[in-house]
Amino acid sequence: MREEANSEQPRTTAKLARPAPGAAPGSARQPSPDALNETPSAPDRGNVGQDVQADIWVKCPGCKEIAFRKEVERNLNVCLKCGYHLRLTVEQRLAITVDRGSWRELFADLAVGNPLSFVDSRPYSERLETARRASGRNDAIVTGIAKIDRRVTALAVMDFNFMGGSMGIVVGEKLARLIDHARARRLPVVVFSSSGGARMQEGALSLMQMAKVSAALGRLRDARIPYLSVLCDPTTGGVAASFASLGDLNIAEPGAIIGFAGRRVIEQTTNQQLPDGFQTAEFLLRHGMLDAIVPRHRMRATLSQLLGILAPRRAHKSVD
Amino acid sequence: MKPSSEAKEVVQGLTPIERVRLAREPGRPQTLDYIEGLARDFFEIHGDRRYADDEAIVTGLGYLGRNAVAIAGHQRGRSTAERIRRNFGRAHPEGYRKAARLFDLADRFRLPIVTFIDTQGAEPGIGAEERGQGEAIATNLVLMARVTVPIIACVIGEGGSGGALALGVANRVLMQENASYSVITPEGCAAILWRDANPEKVAAAAAALKLSAQDLLDLKVIDEVVPEPPGGAHRNPAQAVALLGAAISRHLTKLSKMRPQQLRRERERKFAEMGNGFLLRSTARIGDSTA
């Protein structure tokens, strides 16, 4: 790594690390126990029950136990009682995944206006603006280069808090550019998905992003560069029906909801009661649709191991 | 062939939701009507060699004019019995995997691919999820992007979401003037964004989604609007088949002159550019699509 690496703040954290200006994502070899405390999570972006004081307490959606937020965060946002994996913010995900200070965000300036002049109860441009203000980023994904346990990797993390992680032109374009960039530099690609699917407000243009990203992955495949898809809660719709399902290896977090169609749509269409655990990662694994389920505590080590096997000789490259 | 001026009047006066109704008109010609009207010596290929033969998608080999081609299309069905058998054109994963087999076959034997898109969407159901609906669609997207033979996709009714796109990654996407193509049905969109699926909200969603052929041509999602007979394809199915057949032949002739890698590159470039005209900042692509 070059010298300026330490002086330059990674882009995402620079925008969001309000109370802790020194907070750089990443820990050393292992995710440090305090990893999540290094990057503050804004109260409005948590996943806690609304009835609980969001700043201090967190209610586990799995066992409904109420616990100290700090304590749960120290456990990588995994419930201490039942092991439920609560969602992570992008900053938290980066913090526990990449080597400290190694994240270099790319294509952060890409944005769209309102291509279809779409208006429902509110104009799309207003919804976008609200999401941008809350997140400090332009759209529902960050893309960049980072080191995962010293292995230089092209990395993307979707932001479910940004309009449900929906994929429009910007998400599609950032992914396509990242994949093409990775191909040019011969870097492995890791994508953490978390998305409700295509962004309706961009109409057929959002649908076409599925083809755009899939085509880029086809080129990557031809170049024999590995792509690891990590499916996080939730990964559905057009994202599940494109790049999230196209990993050389598809790995999910425990309990993640993964599926093509929404639960309600299926219930209405089939008039059938859905089986227990339908569309969970465990359900997919049982049906042969996932390669593995990896708990969050082991994700970084697992990615490192797999990148070592599929993309050796990539370590010690620069992220710049 | 051009539509008569009367037809243009009829068609131009339509609101988006009226156009969606026209796209759903049961009397419109379906994939098998186009195959019967346009193809010679058609041999249907059944099954995905994994699980089942999904009759919501028809695949096979035959001739269009002098060109040996591979054809795949959604078939909604006409009679109640046929509709149920074909699940109203809503394919399961095995339908997309059957199409994938055909695309692979076509690529290896250098047969141009012609697809007909006519589905509200891929089947939302327990079995579909168990057998990997998302993966099946995703795999087709990569496969269609990669093949080195010409692909022409024709939207002939309702083009719904990923289930439509799984047959739609083509060098030329042709769309009949009263067909629709959308990321979600107007009903689904209204239910989610307006939290209300009453007719007024559905009409508003249909307008907002820009799902008509002309809108999608303007957005560069499709490449050509194919005229229909006066009043719509269902009024004169034979003429509708002939009009689309003429457009397919014209594009097939042009595309057949292109080299294999050129066909792939052109197709990849087209999809790589989708929506980029609306990016607010830097629009330069890194890497481009050269393999």
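Every value quoted in this text rests on a predicted model; they were computed, and no experiment measured them. Protein chains get the first letters and strands the later ones, always in sequence-line order, with residue 1 at the start of each.
Per-residue counts of heavy-atom pairs under 4.5 Å with chain B were compared for Gly238(A), Ser117(A), Ser214(A); the largest is that of Ser214(A). When each of Arg267(B), Met144(B), Lys220(B), Glu130(B) is scored by its heavy-atom pairs under 4.5 Å with chain A, the top score falls to Glu130(B). Of all the listed residues (Lys210(B), Glu129(B), Glu123(B)), the one sharing the greatest number of non-hydrogen pairs under 4.5 Å with chain A is Glu129(B). By number of non-hydrogen pairs under 4.5 angstrom with chain A, the leading residue of Gly125(B), Gly188(B), Ala166(B), Ala136(B) is Gly125(B).
Interface remark: Val119(A) contributes backbone atoms only to the contact with chain B (heavy atom separation under 4.5 Å). The contact between Phe283(A) and chain B is made entirely by side chain atoms (from C-beta outward), counting heavy-atom distances below 4.5 Å. Contact annotation for Ile192(B): only side-chain heavy atoms (C-beta onward) come within less than 4.5 Å of a heavy atom of chain A. Both the backbone and the side chain of Leu193(B) come within less than 4.5 Å of a heavy atom in chain A. Heavy atoms of Leu246(A) lying under 4.5 Å from chain B belong exclusively to its side chain. Only the side chain of Val169(B) comes within less than 4.5 Å of a heavy atom in chain A; its backbone stays farther off.
Atom CG of Leu209(B) and atom CG of Asp120(A) lie 10.0 Å apart (nearest 0.5 Å). The CZ atom of Arg221(A) lies 6.0 Å from the CZ atom of Arg146(B); values are rounded to the nearest 0.5 Å.
Between the side chain of Gln209(A) and the backbone N or O of Gly275(B), no donor-acceptor pair lies under 3.5 Å.
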>> Working note: Asp222(A) + Arg264(B), criterion salt bridge (charged side-chain N to carboxylate O under 4.0 Å, His left out); need CA distance, chi angles, decisive distance, verdict.
In response: CA-CA 13 Å; Asp222(A) 285 356; Arg264(B) 173 180 171 171; 2.8 Å; yes

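No side-chain heavy atom of Asn138(A) sits under 4.5 Å from any side-chain heavy atom of Leu280(B). Between Lys212(A) and Asn276(B) the shortest side-chain heavy-atom distance falls below 4.5 Å.
Residues of residues 253-269 of chain A lying under 4.5 angstrom from chain B, judged on non-hydrogen atoms, are Gly259(A), Phe260(A), Ala261(A), Val265(A), Ile266(A), Thr269(A) by number. Annotation: residues 189-200 of chain A contacts chain B through Ala198(A), Met200(A) [non-hydrogen atoms, separation under 4.5 Å].
Summarising the local packing, CZ of Arg49(B) is surrounded by 12 or fewer heavy atoms from other residues, nucleotides or ligands at distances under 6.0 Å.
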